Structures are given as structure tokens and as C-alpha cells.
**Student:** 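One structure, pasted below without further comment.
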Amino acid sequence: MARIRQSVLASAVALATVALVAPPASAATTTIRKGSATAAPYAGNVRASLLGNATVSTSLGGGSCNRSTMTGSVNSDGTGMTITQAAFTNDPGPACPGDTGSVTVTTQNLPWSGGSVVYDAAHTGGRDAVVTIANFRVRAVASILGGITCYYGGNLVANGYNPDNPNRPVTSVAQAQVGVNNATVARQSGGSFLCPSTATVTATYTLQGETAPGTFNQTLYVTGS
């Protein structure tokens, strides 16, 4: 039983994009800008790209994915964040390795609408913003015993960091970042009883805007005005 659950745990890596329970940001006007605190507002398509590995662990074991992207859009005031495409794989993958076997993760119920970016004037824990992705759902199938299926989903919150914030998770990358650290994610209904009820995940993503159709190299910056 424990070995089955260890393999299934790698599915929770898919949630590492945003899975952090955090206190709400303080009330403030939010403006997403093109690269600095004084630049023009930005609205349009955005892409989140994984930096390094997304890892998951519990007392039973863990696993990781090393490739993940999500594409969507957001308004300049941080409202209306929608994820239209998402992928969670591993190189040489595509399945993500676990302590035993591997897990294939696919997205469910796209688009994921109703999310937001909210400026945190208090800079709680060193962050600049709270990033919420709403109504996500993923399906994970473990390779053992002919396939063990699990579902994870819900409304998830992460810490957002500006490109010049010294507290950003990966200081060598001067881009806006979304970070989670030892965040707990929960199992959803519809899968096997063998699926773990919770797992702890850690990951960091860059968040960039679009400068031309399909070209995501616009640095983003979140301010309170």
C-alpha cells in the first residue's frame, strides 16, 4: 500500500504552480506594469514557466517534475486571470518520476477562470503580491497496477515577487516569480482510495507577458497604483 501511494504522490507536483495557503493581501490598488514600477500598464497574455524542479514529499515518499508551463491572460488591474493551457511533464519524460514508477498528469476543465493578482502593500513575508488561480483541476495516473487515477484541484494562492525583489526564490533570474514553499495540496473526489489525501509541494515559476503573438519575454512588475 505504501509503495502505491509513493508513486501516486508525484501527481501533486502539478499543483506546485500555485498551492500556498497565505493570509490575504492588504487592500490596495493593483497595477501590472511592463517591467518597472513606473512603466506603462500591461494587460494581455501571460506565461508561467517552471524554474528548476517542482517537488512533492510526505512521510510516505515523493517525486518531481522538471518541465511545466501555463499560459493564460490577465487584466492590468490584476483581475480576470484565466489559464487556458497548462502542461506538467519531465525531461526525458513525459511522465514525472516518483519513488516507484511514474505518473502522467493531464489538465481538466480548462479554462481555469476567476483568478487574480493582488498587490500586497504590507509585503507579507517579503512578497509583492498574491497570485490566485481559481477552479483548477488535474488528473494524475500512476503507472503501477495498470494505472491508479487521482484528482487534485480547487482555488490556490501563491506568493508573487517583482523582478528586483531580493526575496524572490531564484535571485539569479531577474523576472517576476511565483513561489510556493512546503505548501499543502488536497485530494479531490473521483479517484482511487489509494490516492494520498495531502502532499507538500515546493516550486518556483517565472511570470512573463507577451511582446508578439507567441513570444513571452515581457518582464512584468506589480505595483499598488
Side-chain angles (χ1 to χ4, degrees), residues 1-21 47-72 83-110 112 131 133 136-154 156-159 168-170 172-173 175 177-208 216:
M1 181 78 69
R3 290 176 65 84
I4 295 172
R5 290 184 177 180
Q6 288 171 9
S7 180
V8 175
L9 286 176
S11 64
V13 173
L15 311 184
T17 51
V18 287
L20 177 63
V21 177
R47 184 175 66 188
S49 302
L50 181 66
L51 289 171
N53 292 329
T55 62
V56 59
S57 62
T58 72
S59 59
L60 295 177
S64 67
C65 290
N66 62 21
R67 301 185 68 179
S68 178
T69 58
M70 297 196 305
T71 304
I83 302 300
T84 55
Q85 295 179 338
F88 310 96
T89 60
N90 198 75
D91 187 11
C96 300
D99 289 343
T100 60
S102 62
V103 176
T104 301
V105 179
T106 56
T107 57
Q108 304 278 296
N109 300 345
L110 288 168
W112 300 332
V131 181
I133 291 181
F136 85 95
R137 183 176 171 88
V138 296
R139 177 177 183 261
V141 180
S143 62
I144 58 176
L145 295 181
I148 305 298
T149 300
C150 299
Y151 294 91
Y152 294 88
L156 300 174
V157 182
N159 291 329
R168 66 190 186 277
V170 182
S172 61
V173 177
Q175 297 292 341
Q177 296 178 20
V178 178
V180 295
N181 185 25
N182 294 326
T184 299
V185 294
R187 180 184 64 200
Q188 303 295 301
S189 62
S192 169
F193 74 95
L194 297 171
C195 300
S197 60
T198 62
T200 300
V201 295
T202 298
T204 299
Y205 284 71
T206 61
L207 187 65
Q208 294 174 283
F216 291 89

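All values reported here derive from a predicted model rather than from experimental measurement.
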**Student:** Minimum heavy-atom separation for T84 to L110, with atom names?
**Tutor:**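 Heavy atoms only, the tightest pair is O-CD1, 3.6 Å.
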**Student:** Atom OG in S49, atom CE in M70: separation rounded to 0.5 Å?
**Tutor:**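 Taking OG in S49 and CE in M70, the distance rounds to 9.5 Å.
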**Student:** Can you name the closest pair of heavy atoms from G179 and A158 and give their distance?
**Tutor:**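 Heavy atoms of G179 and A158 come nearest at O-CB, 4.0 Å.
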**Student:** For S192, does its backbone N or O pair with a side-chain atom of T149 as donor and acceptor, under 3.5 Å?
**Tutor:**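 Flag not set: sc T149 to bb S192 has no pair under 3.5 Å.
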**Student:** Considering residues at least two apart in sequence or located in another chain, which fulfil the side-chain contact (heavy atoms from CB on, under 4.5 Å) criterion with Q108?
**Tutor:**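 Q108 satisfies side-chain contact (heavy atoms from CB on, under 4.5 Å) with T106, R137, R139, Y151 only.
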**Student:** Tell me the closest heavy-atom pair linking R187 and F193, and the distance in Å.
**Tutor:**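 Where R187 meets F193 most closely, the heavy atoms are NH1-O, 4.2 Å.
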**Student:** So which heavy atom on R67 is nearest to which on N90, and how close?
**Tutor:**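 Reported closest heavy-atom pair: CD-C, 4.3 Å.
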**Student:** Which residue is it: T107, L50, T69? I am looking for the one with a side-chain contact (heavy atoms from CB on, under 4.5 Å) to F88.
**Tutor:**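 So, applying the side-chain contact (heavy atoms from CB on, under 4.5 Å) to F88 and each of T107, L50, T69, only T107 qualifies.
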**Student:** Test of understanding: with side-chain hydrogen bond (donor to acceptor under 3.5 Å, both in side chains), list the residues that count as partners of N53, not counting sequence neighbours.
**Tutor:**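 Scan of N53 (side-chain hydrogen bond (donor to acceptor under 3.5 Å, both in side chains), adjacent residues dropped) gives none.
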**Student:** For the residue pair R168 and Q175, what are the closest heavy atoms and their distance?
**Tutor:**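 Distance-wise, the nearest heavy atoms are CD-O, 4.3 Å.
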**Student:** Name all residues meeting the side-chain contact (heavy atoms from CB on, under 4.5 Å) criterion together with T104; count only those two or more places apart in sequence or in a different chain, and write none if there are none.
**Tutor:**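 With sequence neighbours excluded, T104 shows a side-chain contact (heavy atoms from CB on, under 4.5 Å) to A95, given in chain and number order.
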**Student:** Is the backbone N or O of V170 less than 3.5 Å from a side-chain atom of Q177, with the two atoms forming a donor-acceptor pair by type?
**Tutor:**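 Yes, because the side chain of Q177 sits within donor-acceptor range (under 3.5 Å) of the backbone of V170.
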**Student:** On a heavy-atom basis, which atom in I133 and which in W112 lie closest, and how many Å separate them?
**Tutor:**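 Closest approach of I133 to W112: CG2-CE3, 4.2 Å.
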